[in-house]
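See structure below.
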Amino acid sequence: MRRRIAQHLHSSACLPFFFAATAVAQSAPTAIHVDESAHVFRIDADDTTYEFGVNEHQRLQTLYWGERISAKDHAASAKESLGAAAFDAPLNTTPQEFVGWGGGLYVEPDLKITFPDGNRDLDLRYVSNNLRDGVLSVRMKDISLPVTVTLEYKVDEETGIVARRAIVENHTGKPFVVESASSGTWNLPRGADYVVRYLSGRWAGEWTVNEQKIQPGKTILESRRGTTGAQNNPWFSIRTQEATEDEGDVWFGGLAWSGSWQIAVELDTVQQVRVTGGFNPFDFGYQLKPGTTLETPWFYAGHTSHGLGDASRKMHRLELHSLLPHAPQPKLRPVLYNSWEATEFKVNEAGQMALTEKAASLGVERFVMDDGWFGARNNDHAGLGDWTVNPQKFPHGLKPLIDKVHSLNMDFGLWVEPEMVNPDSDLYRKHPDWVLNFEGRPRTEGRNQLVLNLAREDVRQYVFLFLDKLLTENNIAFLKWDYNRNWSEPGWPAVAPDAQKNVYVEFTSNFYGILRELRLKHPNVEIESCSGGGSRVDLGVIPLTDEVWPSDNTDAFDRLRIQHGFTQAYAPGIMMAWVTDSPTWVNQRTLSLEYRFLSSMQGSLGIGADLTKFTPDEMETARKMVAAYKAIRETMQRGDLYRLVPPTNGSEVSVTESVAPDKHQAVLFSFLHSSTELYPFPRIHLRGLDPERTYTLRSIYGKVSNDTPTSASGSYWMHKGIDVNLRGDFQAAAFVLQGESR
Ligand code: GLA
């Protein structure tokens, strides 16, 4: 008899953080079912079903992942696949849910261990399961050794995104070395018709969207840099060949880890696509002491049959409603001013005060002082690590500036780079042993700085204590937490050689621990994750920070492409976007102030220009744009994003639309690189509106063609469309469609 242990997860009151999502109307309840007789586990949420089971050899294998299937259909028990001759035993041809390296496994393993006696064979079999508080735990154990792995699964009821991780326990009585550990493997429906989309980049050129057909073999997305990195972001999406932005099957996901990571996308010999993600196995070697556990990061993944745009919107909703601090109602991002591009390291009390008045007069709500306020920090050669206020620049401490900011009705934010040290600093002179290094080997500098080894308890304490003191002694509402280089020589000489590689896990765990502790002690402080631009943006840091800095590249035209890439995986509402001076330092490109504002208003608006040089006309334009942004900010930060025309593949045009969750407002942004041969701007068909509601069109900046009605139904704007009048070079326009109130 089939026994069904169903947990209906409609009430969020009894659920852990992941389920604190805003419930949406659903056709069928969200549930995790355990079919004990068939040994099948099934997760149904939103429009997705995920199913796996225990096969006749007690191994776990994926049964289905895709569009939701009826609860009436009971899955047959899992059965190992046939092998492919002697060269690929069934172990390799079966879509393994989580498999140890051993027994002739050639595909990417989920776990590889070296035991002290030299044994490296690991054969994990199913033992038991448990379903509690919305978390399904499935326990596996090696065939002879007391090594257990608990796989945990939970699901976001709003999006159907499943999160999973693995917890490895050592009961052998002796330490062993984990040489690779993934959170698990996502197996797609078998086939060779897939295209993988991923993000690549570098400093000032982050968030490039790449696509390639999945060919037999392996595509490795990774960071070996100690942190997330911009070279790849820990996100993937895989679509069928025919899927587009708006239609078709897409599987997508992200890894919640800010250390070295890897996602392997593998098409095996029987045309099975496997996506395995977790700690980067390169130079990995975690010594797991007896009686202790190693937790892999959470790996989130979902499915949609409504194209790449919907895949992104599901990720955005997951972040906004389940992951961010204060989810499901993350605080709206205030309009921010940051002094970096205006002053660089030349900060002082008078200069900053002059900027505060200008910023406040524009309607700015948060004033942030960037690098240069501490220690002997006059350039990037000295001072990092010495977190005391520079007495020449701020003879009376930070208080007069902070008071001034408050008197102008703004709150105050400050730049810090806690995990770094300049060799020319008091901290390094006192503690040269605190940095990552191999004894007697060179210490390679990046931006004249070294990386503090946050895995060390004394370093962890130092970093926490200086930040805690800073926040306790000063009325600070916001920290811009920077991280301006990657690792080199990642040694940890203070511990035994066979425990040194634990740095790859302990560093990141301590980074999270400090953020968590600080937030607990200073619950009103908000934090931005920055890493020389967008090098530390991932699902691991998002629950501990309120916003991120996507790139040091603030050229408003380049930003259109950057924002297009960023929003594949991350919500526009957490993307800080400054309006800076023109011509930009990046490309020496001249852009109108309106263009620059409209580019930044697609995310969380900030200003980083030198306001002391603004003309009265520019101040007036900026004031109007800040006010216009405040009227649409909720839609921009919490709404659904439609990327109507992407600024990629040489497109002259770029168009985005954001729709408020209750569809009462939509905002349209259009950009033209340069018009040619008298062609008009292409007609725009809006999406996501309420077809029967009347929407009134209002311009933020720019004009539409003369025959455009001022108000019309949602169906009119979506089907008949709208003609925007844009001609020339680097032109921009933006419009609000305000729905009639109900
Ligand atoms: C990094 C950040 C910049 C700025 C500088 C300060 O490059 O990304 O925004 O804060 O550091 O040194």
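Note: hydrogens, waters and symmetry copies are ignored here, and every other heavy atom, side chains too, is used. Ligands are counted one by one from 1 in listed order, and the atoms in each one are counted from 1 as well.
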May I ask you to identify, for K480, whether its side chain, its backbone, both or neither come under 4.0 Å of ligand 1 on a heavy-atom basis? side chain

Carboxylate-amine/guanidinium contact D283 R224, below 4.0 Å: no

Only heavy atoms of C530, strictly under 4.0 Å: list the atoms of ligand 1 that pass. 2 (C), 8 (O)

What protein heavy atom is closest to atom 7 (O) of ligand 1, reported as residue, atom name and distance in Å? D552 OD2, 2.8 Å

What protein heavy atom is closest to atom 1 (C) of ligand 1, reported as residue, atom name and distance in Å? D482 OD2, 3.0 Å

For ligand 1, which atoms sit closer than 4.0 Å to a heavy atom of D371? 6 (C), 12 (O)

Taking atom types as modelled, is there a side-chain donor on E489 or T444 under 3.5 Å from an acceptor on the other? yes

For the residue pair F466 and W387, does the interplanar ring angle fall in the parallel (under 30°), tilted (30 to 60°) or perpendicular (over 60°) class? parallel

Is the NZ atom of K630 crowded by more than 12 outside heavy atoms at less than 6.0 Å? yes

Atom 10 (O) of ligand 1 - nearest protein heavy atom and its distance: D370 OD1, 2.6 Å

Contact partition for N484 relative to ligand 1, non-hydrogen atoms under 4.0 Å: side chain

What residues form a ring pair (Phe, Tyr, Trp, His ring centres under 6.0 Å) with F282, not counting sequence neighbours? none

Using distance alone, determine whether W415 and ligand 1 share an N or O pair under 3.5 Å. yes

Quick one: does ligand 1 sit under 4.0 Å from the side chain of R447, the backbone, both or neither, non-hydrogen atoms only? side chain

